[in-house]
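Below: the structure, in structure tokens.
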Amino acid sequence: MTPYIVLSTVLFVIGAVTVLVRRGAIVVFMGIELMLNAANLAFVTFARQHGDLSGQVIAFFVMVVAAAEVVVGLAIIVALFRARRTVSVDDENLLRH
Amino acid sequence: MTPDLASGAMSSAEMILFWVVAPIAVISASALIFARRAVTAAVCLVATMVCLAVLYVALDAPFLAMAQVVVYTGAVMMLFVFVLMLVGVDVSDSARETIRGQRMATIVFGIGLVAVFGGAIFRAVLPAPVGIRQEQSGNNPEHVASMIFADYPFTLELVGVLLIAAALGAVVMTHRTRLTPRRTQRERSKERVRSSQVTPYPAPGVYAGRNATDVPAVDAEGRAIETSVPDAIRARGQARQLTGIAHLEIESAEPPEPDPDAPSRAPEPDPDIPDIPDPDLPDVPDVPDPQVPDPPDPPDPEDAEEGSAT
């Protein structure tokens, strides 16, 4: 089971680094999705490790929550783009000044 | 149900599958960090999610594998691509660091995260893997469904509320309030009649020697009508100047001998209006006088435009 957990870790770290490095809000959002997927992989792996289907059920709920999150997040990105004509996270600095 | 997968340990076939799929997943996931264009990152993320779906099948979770393909690659990532289309496909990150040392700090953070997780994974003492099928016989979707509806009914209700709230939230976020009253067709038609141009606007390429969309139309005096080129082409800076095209035409093809019977395309001078030299057209050849018995070549619109630009 360890290879699956290692893969899950690697994908999670890639997602986290994406969130921290990239400037475009959409790619940052994709990094969040990748982190959620990595967590799902860990859930499914441990479901098999322990012979308990609860892990798969929780992964299913994570999927649904991620879908809802994507809907709202992309709506925010579209609204931001309409207001500021940019999706770069560096340019959204209205609260700073 | 294959009996060799009954125990939880990874069989050698599963090992081969894992080592084929996992590198693809990791490589395409790293495109999120390194791809310059957001569309590339989105497509690579789709590949990662399909790889994860394959691994879910290997992990005895066929229902989640199907849900992964349908929900993530089918719905979520397509939504991403649609939003990329709205926002602009060409949007690419600048490689410039806005916070000094951020990239270095991120690398250190990533290595630290790997170290923490790796330490936790390899120090953990896991019992022998049980495997799903020892206690759960029958098909996986049925068991997952019975668990969802029997053991987690309240979570299911909460998730339903969350989905409705998300749908409403998306509608509210993207709703645009109309600031000005809607212009009716009647008002538009009245405005059009009062404006200077009642007839349809010229299409691009009229009398310009070419009828491509990026070539402006030529008016009666040989000047380019910039508004005849569609706005999108002008905004992208792809509208052509008429002069370059006129040069090409002259170089490529000898202008045909004018037919004296053919109607002249040049504007006839109005005898009532005195000939006012146009400052925009310094080198326009003289319009032939109708009284001259042997008229010279009628000025071609392209020639006139060429003269106006030089």
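Just so you know, these numbers come straight off a predicted model, no measurement behind them. Residue numbers start from 1 in every chain, and the chains themselves are labelled A, B, ... in the order their sequence lines are given, proteins ahead of strands.
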Could you state the interatomic distance from [atom1] ([X]) to [atom2] ([Y]), rounded to the nearest 0.5 Å?
{"X": "Met49(B)", "Y": "Met30(A)", "atom1": "CE", "atom2": "CE", "result": "9.0 Å"}
{"X": "Ile33(B)", "Y": "Ile14(A)", "atom1": "CD1", "atom2": "CD1", "result": "5.5 Å"}
{"X": "Leu53(A)", "Y": "Asp151(B)", "atom1": "CG", "atom2": "CG", "result": "10.0 Å"}
{"X": "Thr48(B)", "Y": "Glu33(A)", "atom1": "OG1", "atom2": "CD", "result": "12.5 Å"}
{"X": "Ile58(A)", "Y": "Ile148(B)", "atom1": "CD1", "atom2": "CD1", "result": "11.0 Å"}
{"X": "Phe117(B)", "Y": "Ser8(A)", "atom1": "CZ", "atom2": "OG", "result": "8.0 Å"}

Indicate yes or no: at least one non-hydrogen side-chain atom of [X] is less than 4.5 angstrom from one of [Y].
{"X": "Ile121(B)", "Y": "Thr9(A)", "result": "yes"}
{"X": "Leu162(B)", "Y": "Phe61(A)", "result": "no"}
{"X": "Val130(B)", "Y": "Asp52(A)", "result": "no"}

Under 4.5 Å heavy-atom distance to chain B, tell me which part of [X] shows up: side chain, backbone, both or neither.
{"X": "Thr18(A)", "answer": "both"}
{"X": "Phe12(A)", "answer": "side chain"}
{"X": "Arg82(A)", "answer": "side chain"}

Quick one: what part of [X] sits under 4.5 Å from any heavy atom of chain A, side chain, backbone, both or neither?
{"X": "Leu64(B)", "value": "both"}
{"X": "Leu158(B)", "value": "neither"}
{"X": "Ala120(B)", "value": "neither"}
{"X": "Phe109(B)", "value": "side chain"}
{"X": "Phe34(B)", "value": "backbone"}
{"X": "Ala75(B)", "value": "neither"}
{"X": "Leu86(B)", "value": "both"}

As an exercise: rank [options] by heavy-atom pairs under 4.5 Å with chain B and give me the winner.
{"options": "Val64(A), Thr45(A), Leu20(A), Asn37(A)", "answer": "Asn37(A)"}
{"options": "Val71(A), Val72(A), Val44(A), Val70(A)", "answer": "Val44(A)"}
{"options": "Val6(A), Ile26(A), Val78(A)", "answer": "Ile26(A)"}
{"options": "Ile77(A), Leu7(A), Thr2(A)", "answer": "Leu7(A)"}

What is the minimum heavy-atom distance between [X] and [Y], and which atoms define it?
{"X": "Ala170(B)", "Y": "Ala75(A)", "value": "CA-CB, 3.8 Å"}
{"X": "Arg48(A)", "Y": "Glu14(B)", "value": "NH1-OE2, 2.7 Å"}
{"X": "Gln49(A)", "Y": "Ala128(B)", "value": "NE2-C, 4.1 Å"}
{"X": "Val13(A)", "Y": "Gly110(B)", "value": "CG1-O, 3.8 Å"}
{"X": "Leu163(B)", "Y": "Ala68(A)", "value": "CD2-CB, 4.0 Å"}
{"X": "Leu11(A)", "Y": "Ala25(B)", "value": "CD2-O, 4.1 Å"}

Plane angle bin for Tyr4(A) and Phe18(B) - parallel if under 30°, tilted between 30 and 60°, otherwise perpendicular: perpendicular

Whether Phe63(B) and Phe60(A) hold their rings parallel, tilted or perpendicular, with breakpoints at 30° and 60°: tilted

Top contributor to chain A interface from Val114(B), Val172(B), Thr155(B), Val71(B) [non-hydrogen pairs under 4.5 Å]: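 Looking at each option in turn, the highest pair count goes to Thr155(B).
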
Selection from Pro127(B), Gly118(B), Ala145(B), Gly169(B) maximising heavy-atom pairs under 4.5 Å formed with chain A: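 Highest number of heavy-atom pairs under 4.5 Å: Pro127(B).
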
Chi angles and distances behind the side-chain contact (heavy atoms from CB on, under 4.5 Å) call for Tyr56(B), Asn40(A): CA-CA 10 Å; Tyr56(B) 286 167; Asn40(A) 266 355; 3.1 Å; yes

Chi angles and distances behind the side-chain contact (heavy atoms from CB on, under 4.5 Å) call for Leu113(B), Val17(A): CA-CA 10 Å; Leu113(B) 210 56; Val17(A) 170; over 6 Å; no

Pair Gln56(A)-Asn140(B), side-chain donor/acceptor within less than 3.5 Å: yes

Arg182(B) atom CZ, over 12 foreign heavy atoms within 6.0 Å: no

